[in-house]
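Encoded as structure tokens, the structure appears first; notes follow it.
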Amino acid sequence: MKFLSIFAAATLMATAHSSTAAEYPGTDPIVPFSIDNRVVLGDPDFEKISSLPSSSRISQLSRGVAHLQISGSVCTGFLIDSDLLMTNEHCVVQRGREVSATNIQVFMDYYRSGDRGALSAVGQEYVLIDKNLDFAVVRLNRRLGERYPILSLSPSIPSEMRSVKVIQHPKGRSKEVSRRNSRVVRLMPRQNVVHYRADTQGGSSGSPVFDLNGDAVIALHHVGSPSGGFNEGVLMSSIIERMQQAATTSPVTANAEWNAAVQLAQGGRPLTINEVADRYSIGSTMNFKVNVPASGYLNIFNVTQTGESTVLFPNRFVRDNRVRQGSMTFPTSAMPFQLTASAPTGDQLILVMLTQQPLNAYSDSGESKSPFARMSPASFKSFTRSARSSDYFAGVRYTSIVR
């Protein structure tokens, strides 16, 4: 009997990419209006950050706020980790399509008109996108937290009549703050939003909203109502809950293969994987069951956060991956091996896919001697592209190896 370990090291970092959050109600405001309208209420109350003392708390907080250029449009964002930035979903999804993360340009030092400063970073990949809560978390190609402050996120819900401040880049101008005549006018926790009178304009989307005297972000500004006389932010407490939920079910990764696997699972019809534990001790064996919803072609992958994609099924022992509707236990009796958890410890992803068209990841890899096939990033991308072109079922499970 052969013992094969499929697990490799990884570090849980945050949350994973998700395009929707059906468990939350939508964040459409009570008064319907265009998402492009950010409004000035009465006389403009914007203040240039450059006019404030550099030692002031607002000036210090503003250093963590960024001007974003995204495929010809402008938005605001802010650092939530050394290499993670938060902004609005509608800033990065334009005309129904996700803008490539590499098209996000980040300027942290835009304080004077006409001088955006040097390019601070560009996007690398999306960590989490949520349409219902209108937020996106983007991983950057540089760790900016060593130079700029990382803003704290508050799980607290603000109270009505409290005043707020919004640090922003309205209409793509240099960094400004709105804090006068800025009280909360309506709190709607069930809708995940708060309404306030602080001034904003186009380009302010993705700005952090703070309590007037606070340092933690209480809301993510995203829209305004000229007819309703308010601007609206998504409560940070709701966003934190969504991020924690995603962290529980799918760790963030630093490689495209893991993210592609998650997206495949989200895009397919549901397929259930059973009997996968949340964690396995080193040396323990693993078996799991796949509920096959229809006849088709089954492929099972293990994807690590270090970028390794391995085809578990089909394999050298069972090369024909045609299956019938029913239940399948993996490894099967025809496979003379066990899956054994081994060091190093970390998080793992198991992706199971059932396609109607013939797709065989083991044969397509060109492997003929090794028990399992290792897929290069290019071959994994090619496979996922082929799978997306047909009707398919998919499921994913996460587990951790512990000592």
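Positions are given from 1, in the same order as the sequence printed here.
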**Asked** Is Arg397 positioned over the aromatic face of Phe288, cation under 6.0 angstrom from the ring centre and no more than 45 degrees off axis?
**Response** no
**Message:** Ring of Tyr111, cation from Lys175 - is the NZ or CZ under 6.0 Å from the centre and inside 45° of the axis?
**Reply:** yes
**Request:** Apply side chain to side chain contact (heavy atoms under 4.5 Å, CB included) to the pair Met286 and Phe330, showing each step before the final yes or no.
**Result:** CA-CA 9 Å; Met286 182 178 78; Phe330 184 86; over 6 Å; no
Hey, does the side chain of [X] reach the backbone of [Y] with a donor-acceptor pair shorter than 3.5 angstrom?
{"X": "Ser82", "Y": "Gly145", "result": "yes"}
{"X": "Tyr362", "Y": "Val318", "result": "no"}
{"X": "Arg316", "Y": "Lys369", "result": "yes"}
{"X": "Ser120", "Y": "Met108", "result": "yes"}
{"X": "Ser59", "Y": "Pro53", "result": "yes"}
{"X": "Gln168", "Y": "Asp199", "result": "yes"}
{"X": "Thr399", "Y": "Ala277", "result": "yes"}
{"X": "Tyr126", "Y": "Asn259", "result": "no"}
{"X": "Asp130", "Y": "Leu133", "result": "yes"}
{"X": "Lys289", "Y": "Ile273", "result": "no"}

**Request:** Flag yes if more than 12 heavy atoms outside Arg162 fall under 6.0 Å of its CZ atom; otherwise flag no.
**Result:** no
**Item:** Atom NZ of Lys171 with >12 non-hydrogen neighbours under 6.0 angstrom
**Value:** no
Modelled atom types, side-chain donor and acceptor of [X] and [Y], under 3.5 Å:
{"X": "His221", "Y": "Ser204", "result": "no"}
{"X": "Arg374", "Y": "Thr310", "result": "yes"}
{"X": "Ser376", "Y": "Ser379", "result": "yes"}
{"X": "Gln94", "Y": "Ser73", "result": "yes"}

Min side-chain heavy-atom separation [X]-[Y] under 4.5 Å:
{"X": "Met86", "Y": "Leu151", "result": "no"}
{"X": "Ile58", "Y": "Phe210", "result": "no"}
{"X": "Arg179", "Y": "Leu212", "result": "yes"}
{"X": "Phe135", "Y": "Arg242", "result": "yes"}
{"X": "Leu85", "Y": "Leu68", "result": "yes"}
{"X": "Pro170", "Y": "Phe46", "result": "yes"}
{"X": "Ile239", "Y": "Leu153", "result": "no"}
{"X": "Asn315", "Y": "Pro371", "result": "no"}

**Prompt:** Checking side chain to side chain contact (heavy atoms under 4.5 Å, CB included) for the pair Val92/Glu98: CA distance, chi angles, key distance, verdict?
**Reply:** CA-CA 6 Å; Val92 302; Glu98 195 176 279; 5.5 Å; no
**Asked** Between Glu89 and Lys131, is the closest basic N to carboxylate O distance under 4.0 Å?
**Response** no
So which atom in [X] and which in [Y] form the shortest heavy-atom distance, rounded to 0.1 Å?
{"X": "Arg324", "Y": "Val292", "answer": "O-CG1, 3.5 Å"}
{"X": "Ala341", "Y": "Ser281", "answer": "CB-O, 3.6 Å"}
{"X": "Val99", "Y": "Ser71", "answer": "CG1-OG, 3.2 Å"}
{"X": "Asn291", "Y": "Leu271", "answer": "O-CG, 3.8 Å"}
{"X": "His169", "Y": "Ser174", "answer": "ND1-C, 3.6 Å"}
{"X": "Pro208", "Y": "Val65", "answer": "CG-CG2, 3.7 Å"}

Just how far is it from atom [atom1] of [X] to atom [atom2] of [Y], taken to the nearest 0.5 Å?
{"X": "Thr355", "Y": "Asn299", "atom1": "OG1", "atom2": "CG", "answer": "6.5 Å"}
{"X": "Phe380", "Y": "Leu351", "atom1": "CZ", "atom2": "CG", "answer": "6.0 Å"}
{"X": "Arg139", "Y": "Ile104", "atom1": "CZ", "atom2": "CD1", "answer": "13.0 Å"}
{"X": "Ile80", "Y": "Ser152", "atom1": "CD1", "atom2": "OG", "answer": "11.5 Å"}
{"X": "Leu359", "Y": "Tyr297", "atom1": "CG", "atom2": "OH", "answer": "9.5 Å"}
{"X": "Phe230", "Y": "Arg197", "atom1": "CZ", "atom2": "CZ", "answer": "11.0 Å"}

**Message:** For a side chain to side chain contact (heavy atoms under 4.5 Å, CB included) check, start with the C-alpha distance between Glu232 and Met188, then their side-chain angles and the critical distance, and finish with the verdict.
**Reply:** CA-CA 10 Å; Glu232 180 179 277; Met188 304 171 62; 5.6 Å; no
**Message:** Working note: Asp109 + Tyr148, criterion side chain to side chain contact (heavy atoms under 4.5 Å, CB included); need CA distance, chi angles, decisive distance, verdict.
**Reply:** CA-CA 10 Å; Asp109 299 312; Tyr148 302 96; 2.6 Å; yes
**Message:** Check the orientation of His222 and His90. Use parallel for under 30°, tilted for 30 to 60°, and perpendicular for over 60°.
**Reply:** tilted
